[in-house]
Each structure stands twice: as structure tokens, then as C-alpha cells.
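To start, the structure under review is shown below, and the notes come after it.
Below, read A as the first sequence line, B as the second, and so on, with proteins coming before strands; counting in each chain starts at 1.
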Amino acid sequence: MIRIFNTLTGQKEDFSPLAPPSVGIYVCGPTVYDMSHIGHARAYVAFDVVVRHLRHRGFRVRYVRNYTDLDDKIIQRAAELGRPPAEVSERFIREYQIDMATLGVARADVEPKVTGHVPEIVALIGELVANGHAYAAAGDVYYSVRSFPGYGKLSGRRLADMKAGARVEPGEQKRDPMDFALWKGAKPGEPAWPSPWGPGRPGWHIECSAMSAKYLGTTFDIHAGGKDLVFPHHENEIAQSEGATGQPLAKVWMHNGFVTLDSEKMSKSLGNFFTIREITAKFSPEALRLFLLGTHYRSPINFSDQGLAEAEKRLDYFYETLAKADALAAGTAPVASPEAAALLSAVGAALDDDFNTPEALAALAGPFARLNELSEKPGKGPTRAASAAAAAALAAALREAGAVLGIVQRPPVDYLAQRRAHLAARRGVDPAKVDALVGARTEARKGKDFARADAIRDELLALGVEIMDGPRGTTWKIVG
RNA sequence: GGCGCCAUCGCCAAGUGGUAAGGCAAAGGUCUGCAAAACCUUCAUCCCCCGGUUCGAAUCCGGGUGGCGCCUCCA
């Protein structure tokens, strides 16, 4: 049984889909006006694991993740760049897709855009106006929060408590300061669509209500996003959707915690953010993913180079171990193995418990050590064959567990070769020169000239190259 | 001001009533010509502080202290 923490109830609950084995999930996607940062990476990696695990458990998941490709920020950015808004949003959608692919985040089944759903949005606003939840005022349309008794149920606020924070911009015709725009009348030079209230464009929250209804129905299983969306975005979505249908919008609401820098929220407005592109230029993208999975999705995660470096080191260990195991197990069929079964069981149980990725990662430690033990000391004859079979089984199980987490899916040899090339380039190390020095050292060792062999090793170490003497010769890698 | 979250080994981080997972770092050992890598062992009688509930609490309740978030765009 999968248990999920539901923001709506503030508790972990047994997950029971409306129509098993189908599961509908809607994740609020990015507003595409700039490059994505680590906070975006955190959110979409977290829900990627949610979807992967649900599918691994046999659910048929329909995953919808939108693009907000029309809003004030995009229009502003377009004005700054002197380009049409559509060009700006299209560009950053492409950049986002590149980042997500780099991080191993799977595409959603449906990735709708606001600009493609204006008629649906207009229709929904029309319903809300007709049933008294919304009112038109001077070309705008506002949602009347007083008309919706449940307003505040997701974020745990009462309207009376929110008064202080409400603001009314000049020119707005709100009846209540807490009311929010469903439709914004067009201003000169802005993109606009026709509507019964005059030309204009959708407000920020309405698109998710319209698109989730179109692709997942009136009520669906999971609605997710960052903690900063709880209020007002998701609260307003509930007001819109439930105001129109009278039915619950989503059964379960999931929210991921922030990425912080020096314990402060990483955000555009504070300016204390790193883009995904900046980090993946320095560290392996998979290491970033592993770093993010090292903390439970609901907790804040403090970003640091040290944390990334540790994740990268750990990932190298994973791939080096798998490379050794593959070498041992080449041509061997895996056998049923209690160790492999125990691993998958432990990882499954961890993820069943509100997607506890740190616990799942912890469960990998023992099996990886065991795999190294098998690879280092396989024995001989029948013992070696048994070791190879056990290694094959364990490596297969680790890869299966890794598939749910979205790690260690690449051929280890490829990964390690790419790592070495990347690090060599960064340190300005010439692989041919290293090979020559390693060859010279091997000759010296054959001649028992250990003084010279050690001198060469020191020389290599000064270059940042660490060598390892093994039964099949000497290998090397770049350190630091 | 309103609402809410967090505080666990040097660092990161699981753990919501039954006696502290895992990783990094560190120390010792095995292996090695010596190393590195790998493997093994050690490493919090204690979970911010003070009270309370309980046979029993890091885990529940009350009060402090410290950090953070939302209430305005934000994953």
C-alpha cells in the first residue's frame, strides 16, 4: 500500500485511486520566461520519481504537466528582449525540455500550454460568472472568494486572517481585496483573445483548472507542485474548479519543499539561484539528481558544492561497482537471489512510504558493497560461477531499483569514459601522456625499479591522476 | 500581525510510542613491492533547552530558544 502525505488533510493517507489501476496526476509546470533553476529541478525530479514508482507498482498513470506560456512575466521579458511573447515562451520551453532530459526526468503524457486552451478557459470563466462565483468589471473578470465557503481549506487560512496581506493594484475593480483575476482585459501591445467580456487574456490560476479538467476530468487523483504554490495558486484552483463543478478537484495534494542556499529559499526574486545549466556544467547531471533524492521531497534541501561533490563521488562508486560486476558476470544468466529480492523489497517499501527516497538510497548501500565483494573475490571454478550468477542477479536488481529512482541506467563503461574525458578536459590532462607514463611505470615495476615507479606515480598524482594496480593491469582516473 | 514548517554524530540525512538507517569525513585492519580502489571493524546510552503524559518518548502535550517558509511573482 502506498501512503502519501496530503496537504489537504495534513496527514499521510493510504493511496486509493478513483478508478484503479488508472491514476491521473497533474503537476504545475514552469512559467517559461527564463532558464530553469535548481528549484525547478527539485520539483520535477521529485514528481518524476512519484510517477515512476506508481508505474512500477502497476498503476496506469496519466501524467499531465503544463507550460504556463502566457503571463505578466513573459510579456515583460518579451518587452525587454524586443521579441514577441510567443517566441520567448517557445525558446524557454525548449531550454526546459533540454534540462529535464539531462536530469533524466521523463516527459509527461500531456504537456498542454495556456495559449492552446483559451477557449476552454473562457468557457470555464463563463460558467463561474453564470453561477455567481465571478463578476466582470471594466473588462476584467474576478473571482469572488466570499462566494466560495471552502476558500482557505488547502492552505489552512481563514479569509479574516488574510485581510492584511491583500493588495489592490491601481485600476482594479475588485469587490473584495482577496478577489483574484480570472480574465485580464487587454492593454495596448499585449497578446489578446476575444471573450464575452472583451479582448484580454487569462489570469494566472485559471489555466490549470481548465486544462486539468480537460485532460483528467472533474476530479482526479493527485495534484502536485512546489510548496510556494499552496497559496494562492492551488487555493484559487480549488475555488475555480470546485466553484464550477461542485466536485472535489483532486483527492491528494502533494507539495515539495524548497531548495535553499545558506538556508534561504532559492528564488528569482531574491536572486540567489543557480540555473540547472550552471550546475550541470560543473557536476554530472545524474549527480545533481542523486543529490536531490538524498533528502525527502517535503523537506528543505540546502544546496552546496560539497553536497554535489559527495553525490558525484557516490555515483562514481555506483558505476565503478557495476562495471566490475558486469565484467565478472559477462555472459552469465542471473539467478533468483534472496539478496536481490530483499533489495527490491526494501526500496519498494521505502518509496511506498510517501516516496522516501533517502531511505531507498540507504537500502542500496549493502548490495553495492556485496557486489564489490563478489567482484574482488569471486573465487575459482564453481565458486566463481556462483559468484558471477549472484553478481548478475544483484546488479540486475540494483538497476531495477535505480530505474525507479532514475539513476544508474547508463552502461557503466560509457559513464566512466565520459566522466574521465570530462575531468581530463577540465584539468587539462592529456590521456595519451598519462597512458605513456603508466606504461613507463609498468616497465619500471617489472624491473623491480620501485623508486622510479613511485616517482612516476607522484608525477601522475601531481597532474591529478590516480592509478590503481589491478589483476588485469593498471587503470587510472582523475581525482579532484 | 495571521498561518505553518524545522532543530538527530564534524558535515549531509532517515526515523511519529518500544529502546538511534544510510552516505561523506575520521581511526584501525585485510589486500598491495608501497599505494590507490575495494572489503571488514570502530565512530550519537543519545536526538536544541525546561517541564509533563506513559511501564516506556528523538518520536505525544505545554512552555522556551534558534532557523526558515507562506500571506506579492515563484517549483
Side-chain angles (χ1 to χ4, degrees), chain A residues 7 10-12 27-31 33-34 36-47 68 71-73 76 152 155-158 160-167 169 178 204 224-233 235 255-260 263-270 273 290-291 294-302 304 306-307 309-311 313-314 316-317 320-321 324 346 350 353 356-366 368-377 445 448-451 453-454 457-458 460-461 465-470 474-477 479:
Chain A
T7 305
Q11 293 181 323
K12 261 191 226 178
V27 173
C28 285
T31 300
Y33 70 99
D34 205 347
S36 297
H37 59 71
I38 306 301
H40 299 105
R42 211 264 167 108
Y44 301 117
V45 165
F47 298 120
T68 297
D71 92 333
D72 295 349
K73 285 253 161 96
Q76 185 187 327
S155 53
R157 298 150 200 259
R158 292 165 302 164
D161 297 333
M162 294 190 272
K163 276 287 185 98
R167 276 199 267 181
E169 298 296 325
M178 290 307 300
W204 173 35
K227 264 191 165 67
D228 44 2
L229 298 184
V230 174
F231 189 91
H233 185 59
E235 197 70 71
H255 294 96
N256 66 275
F258 298 131
V259 177
T260 61
S263 296
E264 289 202 322
K265 181 186 173 187
M266 191 180 278
S267 72
K268 294 275 188 185
S269 39
L270 290 172
F273 62 91
L290 184 60
F291 169 76
T295 301
H296 185 91
Y297 76 90
R298 283 193 282 117
S299 300
I301 182 169
N302 200 40
S304 72
Q306 186 191 330
E310 280 183 21
K313 182 171 183 165
R314 190 68 179 155
D316 286 348
Y317 167 84
E320 282 165 9
T321 304
K324 284 188 275 186
D353 183 14
N356 192 331
T357 53
E359 196 174 310
L361 251 17
L364 305 183
F368 269 113
R370 173 74 176 138
L371 212 46
N372 270 307
E373 186 191 1
L374 289 166
S375 303
E376 299 282 337
K377 296 180 177 174
R445 292 181 72 218
K448 302 284 184 197
D449 184 356
F450 294 121
D454 290 351
R457 179 170 60 203
D458 289 343
L460 285 164
L461 208 50
V465 175
E466 192 169 84
I467 57 175
M468 290 149 287
D469 296 328
T474 298
T475 58
W476 58 272
K477 69 175 181 183
V479 293

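For the P atoms, the distance linking B:rC60 with B:rA7 amounts to 10 Å, nearest Å. The C1' atoms of B:rC50 and B:rC9 are separated by 24 Å, rounded to the nearest whole Å. B:rC46 and B:rA57: their C1' atoms are spaced 12 Å apart (whole Å). B:rC39 and B:rU32 have their C1' atoms separated by 14 Å, given to the nearest Å. Taking atom C1' in both B:rA44 and B:rU19, the straight-line distance is 14 Å, to the nearest Å. On the C1' atoms, B:rG15 is 15 Å away from B:rG23, given to the nearest whole Å. Across B:rA25 and B:rC43, the matching C1' atoms stand 11 Å from one another, rounded to whole Å. Taking atom C1' in both B:rA26 and B:rC12, the straight-line distance is 15 Å, to the nearest Å.
Across all strands shown, A:Gly470 has no heavy atoms under 4.0 Å from either base or sugar-phosphate atoms. Within the 4.0 angstrom heavy-atom criterion, base atoms lie near A:Ser267. Within 4.0 Å (heavy atoms only), A:Phe450 reaches at least one base atom of the nucleic acid. Using a 4.0 Å heavy-atom distance criterion, A:Lys268 is classed as making no nucleic acid contact. Using a 4.0 Å heavy-atom criterion, one finds that A:Val27 contacts no nucleic acid atom at all. Among the atoms of the strands shown, none is found under 4.0 Å from any heavy atom of A:Lys377.
For A:Asp454 against B:rG33, a side-chain N or O and a base N or O form a donor-acceptor pair under 3.5 Å. Between the base of B:rC71 and the side chain of A:Asp228 there is no donor-acceptor pair shorter than 3.5 Å. Contact annotation: side chain of A:Arg457 to base of B:rA35, donor-acceptor pair present below 3.5 Å.
Comparing A:His296 and A:Val230, the nucleotide of RNA chain B nearest to each residue sits closer to the 5' end for A:His296. The residue among A:Thr31 and A:Ala369 whose nearest nucleotide of RNA chain B lies closer to the 5′ end is A:Ala369.
Put simply, CD1 on A:Ile467 is 8 Å from C1' on B:rA36, counting in whole angstrom units. The CG atom of A:Leu229 sits 13 Å away from the C1' atom of B:rG69 (whole-angstrom rounding). Put simply, NE2 on A:His255 is 12 Å from P on B:rA75, counting in whole angstrom units. Per the geometry, CZ belonging to A:Phe258 stands 6 Å off C1' belonging to B:rG69, to the nearest Å. A:Leu371 has its CG atom 13 Å from the C1' atom of B:rC39, to the nearest Å. At whole-Å resolution of the value, NZ in A:Lys448 and P in B:rU32 are 13 Å apart. Regarding A:Met178, its CE atom lies at a distance of 6 Å from the P atom of B:rU72, rounded to whole Å. If you take CZ of A:Phe273 and P of B:rC73, they are 18 Å apart, rounded to a whole angstrom.
Of the candidate nucleotides B:rC24, B:rA75, B:rA38, B:rA38 has the atom nearest to the side chain of A:Glu376. If you check B:rA37, B:rG69, B:rA75 against the side chain of A:Arg42, the one that comes closest is B:rA75. Comparing B:rA14, B:rG69, B:rC34 against the side chain of A:Glu359 picks out B:rA14 as the nearest. The nucleotide whose nearest atom lies closest to any side-chain atom of A:Glu264 is, among B:rC68, B:rC24, B:rC34, B:rC68. Side chain of A:Lys313, nearest nucleotide from B:rA13, B:rG23, B:rA25: B:rA25.
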- Note on the structure: Scoring nucleotides 3-12 of chain B by protein non-hydrogen atoms under 4.0 Å (B base, S sugar-phosphate only, - none) yields S-------S-
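The partner of B:rG10, taking Watson-Crick or G-U wobble pairs whose two distances both stay under 3.5 Å, is B:rC24. The partner of B:rU19, taking Watson-Crick or G-U wobble pairs whose two distances both stay under 3.5 Å, does not exist in any strand shown. The partner of B:rC39 is B:rG29, by the rule that a Watson-Crick or G-U pair needs both atom distances under 3.5 Å. The partner of B:rC34, taking Watson-Crick or G-U wobble pairs whose two distances both stay under 3.5 Å, does not exist in any strand shown. Using N1 to N3 plus N6-O4 or O6-N4 for Watson-Crick, or N1-O2 and O6-N3 for G-U wobble, each under 3.5 Å, B:rC70 pairs with B:rG2. When both distances must be under 3.5 Å, the Watson-Crick or G-U wobble mate of B:rC48 is B:rG64.
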- Message: Is there a side chain to side chain contact (heavy atoms under 4.5 Å, CB included) between A:Thr357 and A:Tyr297? Walk through the geometry before answering.
- Response: CA-CA 8 Å; A:Thr357 53; A:Tyr297 76 90; over 6 Å; no
- Evaluation steps, side chain to side chain contact (heavy atoms under 4.5 Å, CB included), between A:Asp353 and A:Lys12: CA-CA 9 Å; A:Asp353 183 14; A:Lys12 261 191 226 178; 2.8 Å; yes
- Message: Run the side chain to side chain contact (heavy atoms under 4.5 Å, CB included) test on A:Arg42 and A:Ile38 for me, step by step, so that the C-alpha distance in whole Å, both residues' side-chain angles and the decisive distance to 0.1 Å come before the verdict.
- Response: CA-CA 6 Å; A:Arg42 211 264 167 108; A:Ile38 306 301; 5.6 Å; no
- Query: Where do A:Lys448 and A:Phe450 land on the side chain to side chain contact (heavy atoms under 4.5 Å, CB included) test, with the steps shown first?
  - Reply: CA-CA 5 Å; A:Lys448 302 284 184 197; A:Phe450 294 121; 3.9 Å; yes
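Listed pair A:Tyr317 / B:rC39 meets the phosphate criterion, a side-chain N or O lying under 4.0 Å from OP1 or OP2. Taking side-chain N and O atoms only, A:Asn356 has a distance below 4.0 Å to OP1 or OP2 of B:rG15.
Remark: A:Gln306 pairs with A:Ser304, A:Glu310 by the side chain to side chain contact (heavy atoms under 4.5 Å, CB included) rule, at least two apart or across chains. With sequence neighbours left out, the salt bridge (Lys or Arg N to Asp or Glu O under 4.0 Å) criterion links A:Lys227 to no other residue.
Ring geometry for A:His40 against A:His37 counts as tilted: the plane angle lies between 30° and 60°, on a 0 to 90° scale.
Residues A:Glu320 and A:Lys477 meet the side-chain proximity criterion, which asks for heavy atoms closer than 4.5 Å. Using a 4.5 Å heavy-atom cutoff, the side chains of A:Leu361 and A:Leu290 are in contact. Within the 4.5 Å cutoff, no side-chain heavy atoms of A:Glu235 are placed close to those of A:Val230.
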